[in-house]
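Below, read A as the first sequence line, B as the second, and so on, with proteins coming before strands; counting in each chain starts at 1. Because the structure is predicted, anything quoted here is derived from the model rather than measured.
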Amino acid sequence: MARILITSALPYINGIKHLGNLVGSQLPADLYARYCRARGHEVMFICATDEHGTPAELAAAKTGEPVADYCARMHGVQTELAHGFRLSFDHYGRSSSPQNHRLTQHFAGRLRAAGLIAEVAEKQVYSPSDGRFLPDRYIEGTCPACGYERARGDQCENCTKQLDPTDLIDPRSAISGATDLEVRETKHLYLRQSAMRDQLDQWIDSQKGWPVLTTSIAKKWLHDGDGLRDRGITRDLDWGIPVKDGENDWPGMEGKVFYVWFDAPIEYIAATAEWAEAQGLDDAAWRRWWRTDEGAGDVRYVQFMGKDNVPFHTLSFPATLMGSGEPWKLVDYIKSFNYLNYNGGQFSTSQGRGVFMDQALEILPSDYWRWWLLSHAPENSDSEFTWENFQASVNKDLADVLGNFVSRVTKFCRSKFGEAVPEGGAWGERETALASALAKRIAAYDAQMAAMEIRKSAAELRAIWVLGNEYLQEAAPWSTFKTDPDTAAMQIRLALNLIRLYAALARPFLPDAAWSMMAALECEDWTWPEDVEAALKLLPAGHAFTVPEVLFAKITDDAREDWAARFAGARP
RNA sequence: GGGCCCGUAGCUCAAUGGUCAGAGCAGGGCGCUCAUAACGCCUUGGUUGGGGGUUCGAGUCCCUCCGGGCCUACCA
């Protein structure tokens, strides 16, 4: 038994996430967490809402709520949706928690003591009308290069030229349209990542087997141009974690807060502390996951995230942890994902394009989405959601191959033997061969799951379901029954046990369906089938069961067309 | 502009430089009748984006061209 720490990239507070966000971090992290638990490992699975930053303030302003209230409300909404998708977090925290305030300020203090913080005076655009400094991309104006009138202060979307906000002609606030912008001097803290470049570089080099996507992005940042640049870790905002040096004030930094990307990863740690508090445990309970000098030496730490998050997890956050000079647990493996596209374009939160988590659950139960999303996870390249593909995959894999197997076995047994596991007969060669084929496939499934090869795991699991249908076809208990009822009883006894085995194996992908299967069998034994023969004899003769409702209803053409039309344009 | 990734069957995707490039779906044929018209077996289908090169051997390595995508540090 190992101890596995799993974190999923934090969803931003600013609205409901779409399926692309879900499959890029939380869902595969949940799959892995569930798998690790099923294999008997001790798991700490952490996620949280990422609540600070300009977009959160603006979203709150739009609804007229105080930002703290807005975040509390949206945290509730996201928590509900996480439950809806059966995301099995040990704790779903908030980056605005007191724990995160303390830890973030602690790290800043340690970094300052280590000489890794620089104070930099810089000029930034301020909008008196908005009462705030404007991040570059919140300034719009005419592109000096191509004349595009809605160029952003960081880059012109039309001609892709990199811009400085002061380059823009007729600049205005993208928030209010105000044109009375001025340049003000302000002081900010920078994390001196450049001083840690070699250390980070060596650390990345020492990691074996990370996805190309992960290491190539890290290497690019480390070696591009002059190498890794220092990074501003404070902002002039109201909502956030006040800049402090540990518990002490930071002269000259009054009224400023830490940058979200500084405090968000620290929330992984803080959320574990939140968990401990919620469980009524002491600090040692969470520190044994995070401090190698306090018990985390044998922890394996795995992070899940979309590719846009990679630089912060490979560089900034490790720099924060290493730079503190304290023995914090560093990540051991980073599983990163590409993007899921929607009907040939991108899912888009701002444009409301695609299917969002709340809408998905209104349409179908979570298992349908979990299965499709995970079996098509964008691991090697961007992948594509289409309604046709979704319908075909779900109907074939879930309804026909798995669901129908459960149906045919339980209904056949009920009609010939009644609703209890039938007695009689003994295994022959066919059953031994099946057990050995299953053992082989299960080993492959286990290996793919352990390696976090998501799509390959799904394919192996499906192949295991197919073995059951093949067995039934060959054994043909419906004809055996006419001449040799005892053998038919043995065959169907095995098939009923196969349902339990499938439930145990499928639980990480399909928690609800697995539960329904177990409930129908009136069984609570989720034991992983390490010994397949034993697993296929687990339910004894005479054990009662019930025929379950149809596990997965098929998606009709009408429903598919209806949804395709409904989600074709912007979110209503 | 720079960097990275991808391009394989109608579709979605596999293949440490080494048998005849494989699966699932879709298509075609056969079988079965327990089951959600479900299941099983067989089968059609490829100049691996184009062109060069290295090698005994290239989907895989190198060059080049075409096409798609991502990142490029003040959104997060």
Side-chain angles (χ1 to χ4, degrees), chain A residues 9-14 50 52-56 58 122 124-125 133-139 152-155 160-162 164-165 174 188 193 212-213 215-217 219-221 223-225 228-232 235 259-261 264 306-312 315-316 338-339 341 346 349-350 375-376 379-386 388-390 392-393 395-401 403-416 453 455-456 458-459 462-463 466 468-481 488 491-492 495 547 549-554:
Chain A
L10 309 187
Y12 196 63
I13 196 70
N14 166 26
D50 178 14
H52 299 134
T54 307
L58 297 179
E122 56 193 15
Q124 233 195 314
V125 175
F133 281 93
L134 297 178
D136 290 357
R137 70 172 52 200
Y138 283 98
I139 302 160
R152 294 189 320 204
D154 57 340
Q155 183 174 38
T160 73
K161 186 177 167 61
Q162 306 266 326
D164 194 82
H188 282 297
Q193 300 182 140
V212 176
L213 189 61
T215 47
S216 67
I217 291 173
K219 285 289 179 182
K220 170 66 162 53
W221 281 52
H223 299 293
D224 189 40
L228 188 61
R229 292 179 231 166
D230 294 342
R231 183 156 200 122
R235 291 291 183 273
Y259 175 43
V260 284
W261 264 116
K307 57 186 167 187
D308 51 333
N309 275 328
V310 168
F312 303 99
L315 303 167
S316 307
N338 286 284
Y339 293 141
N341 290 322
Q346 292 190 355
T349 302
S350 57
S375 61
H376 294 79
E379 290 174 293
N380 295 332
S381 61
D382 291 352
S383 66
E384 169 104 354
F385 176 92
T386 64
E388 289 75 12
N389 188 298
F390 178 67
S393 295
N395 286 355
K396 195 69 193 173
D397 299 347
L398 298 183
D400 295 345
V401 178
N404 182 57
F405 177 81
V406 174
S407 258
R408 65 194 296 207
V409 169
T410 53
K411 286 182 180 172
F412 178 78
C413 186
R414 178 174 63 184
S415 75
K416 303 297 187 215
E453 290 284 353
R455 281 174 308 177
K456 288 177 183 175
R462 187 192 191 280
V466 167
N469 283 312
E470 289 175 353
Y471 172 76
L472 280 188
Q473 182 64 31
E474 286 175 30
W478 47 89
S479 53
T480 313
F481 181 77
Q491 292 166 338
I492 216 68
V547 173
E549 295 296 304
V550 163
L551 278 184
F552 298 99
K554 292 206 192 191

Could you check whether [X] gets within reach of a base, just the sugar-phosphate, or nothing at all, counting any heavy atom under 4.0 Å?
X: A:Gln193; result: nothing
X: A:Gly403; result: base
X: A:Pro477; result: nothing
X: A:Ser407; result: base
X: A:Leu551; result: base
X: A:Val310; result: nothing
X: A:Phe552; result: base
X: A:Ile492; result: nothing
X: A:Lys554; result: base
X: A:Glu388; result: nothing
X: A:Val550; result: base
X: A:Ser393; result: nothing

Nucleotide N/O to protein N/O under 3.5 Å, stretch nucleotides 27-31 of chain B:
unit_1 : atom_1 : unit_2   : atom_2 : d
B:G31  : N2     : A:Gln473 : OE1    : 3.4
B:G31  : N2     : A:Gln473 : NE2    : 3.2

Under the rule for side chain to side chain donor-acceptor pair (under 3.5 Å), what residues qualify as partners of [X], not counting sequence neighbours?
X: A:Ser393; answer: A:Asn389
X: A:Asp400; answer: A:Lys554
X: A:Asn338; answer: A:Lys307

For A:Tyr138 and for A:Ser375, locate the closest nucleotide of RNA chain B by heavy-atom distance; then report the residue assigned to the nucleotide nearer the 5' terminus.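 Its nucleotide being nearer the 5' end, the pick is A:Ser375.
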Closest-nucleotide ordering on RNA chain B, the 5'-leading residue of A:Val409 and A:His188: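 Result: A:Val409.
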Examine the base of [N] for any acceptor or donor lying under 3.5 Å from a partner atom in the side chain of [X], and report the outcome as yes or no.
X: A:Trp261; N: B:A76; answer: yes
X: A:Arg408; N: B:A38; answer: no
X: A:Asn404; N: B:A38; answer: no

Chi angles and distances behind the side chain to side chain contact (heavy atoms under 4.5 Å, CB included) call for A:Phe133, A:Thr54: CA-CA 10 Å; A:Phe133 281 93; A:Thr54 307; over 6 Å; no
Side chain of [X], heavy atoms from C-beta onward: which of [options] has the nearest atom to it?
X: A:Phe312; options: B:A76, B:U36, B:C25; result: B:A76
X: A:Arg231; options: B:C74, B:C39, B:C25; result: B:C74
X: A:Pro55; options: B:C74, B:C75, B:U36; result: B:C75
X: A:Asp400; options: B:C39, B:C75, B:G69; result: B:C39
X: A:Tyr259; options: B:C74, B:A73, B:C25; result: B:C74

Compare the aromatic ring of A:Phe412 with the six-membered base ring of B:C34 and state whether they stack according to the 5.5 Å and 30° rule.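 A:Phe412 vs B:C34: stacking no.
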Can you measure from CG (A:Asp397) to CZ (A:Phe552) and round to the nearest 0.5 angstrom?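 Rounded to the nearest 0.5 Å, the CG-CZ separation comes to 10.0 Å.
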Yes or no on side chain to side chain contact (heavy atoms under 4.5 Å, CB included) for A:Val125 and A:Tyr138, after CA distance, side-chain angles and deciding distance? CA-CA 10 Å; A:Val125 175; A:Tyr138 283 98; over 6 Å; no
Please state how far atom [atom1] in [X] lies from atom [atom2] in [N], giving the value in whole angstrom units.
X: A:Lys456; N: B:A14; atom1: NZ; atom2: P; answer: 7 Å
X: A:Phe385; N: B:C13; atom1: CZ; atom2: C1'; answer: 17 Å
X: A:Leu315; N: B:C71; atom1: CG; atom2: C1'; answer: 13 Å
X: A:Asn469; N: B:A35; atom1: CG; atom2: C1'; answer: 9 Å

Dot-bracket for RNA chain B, please. Rules: Watson-Crick or G-U, both distances under 3.5 Å, ( ) within the strand, [ ] when a pair crosses earlier ones, | for another strand, . otherwise. (((((((..((((....[...)))).(((((.......))))).....(((((..]....))))))))))))....
Decide side chain to side chain contact (heavy atoms under 4.5 Å, CB included) for A:Arg462 and A:Lys396; before the verdict, give the C-alpha distance in whole Å, the side-chain angles of both, and the deciding distance to 0.1 Å. CA-CA 10 Å; A:Arg462 187 192 191 280; A:Lys396 195 69 193 173; 3.6 Å; yes
Going by the angle between their ring planes, with limits at 30° and 60°, are A:Trp478 and A:Phe412 parallel, tilted or perpendicular?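 Geometry flag for A:Phe412 against A:Trp478: perpendicular rings.
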How far apart are the C-alpha atoms of A:Leu551 and A:Leu398, what are their side-chain angles, what is the distance that settles it, and do they pass the side chain to side chain contact (heavy atoms under 4.5 Å, CB included) test? CA-CA 8 Å; A:Leu551 278 184; A:Leu398 298 183; over 6 Å; no
A:Asn469 side chain vs A:Val401 backbone, donor-acceptor pair below 3.5 Å: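 Judged by distance alone, yes, a pair lies under 3.5 Å.
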Residue-phosphate contact under 4.0 Å: A:Lys219 side-chain N/O, B:C71 OP1/OP2: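 Checking A:Lys219 against B:C71: no side-chain N or O falls below 4.0 Å of OP1 or OP2.
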Does B:C71 have OP1 or OP2 sitting under 4.0 Å from an N or O in the side chain of A:Tyr339?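 Checking A:Tyr339 against B:C71: at least one side-chain N or O falls below 4.0 Å of OP1 or OP2.
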B:A15 to B:C61 separation - P atoms, rounded to the nearest Å: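 Looking at atom P only, B:A15 and B:C61 are 13 Å apart.
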Reading nucleotides 2-11 of chain B from the 5' end, what letters show protein touch, with B for base, S for backbone sugar-phosphate only, - for no heavy atom under 4.0 Å? BSSS------
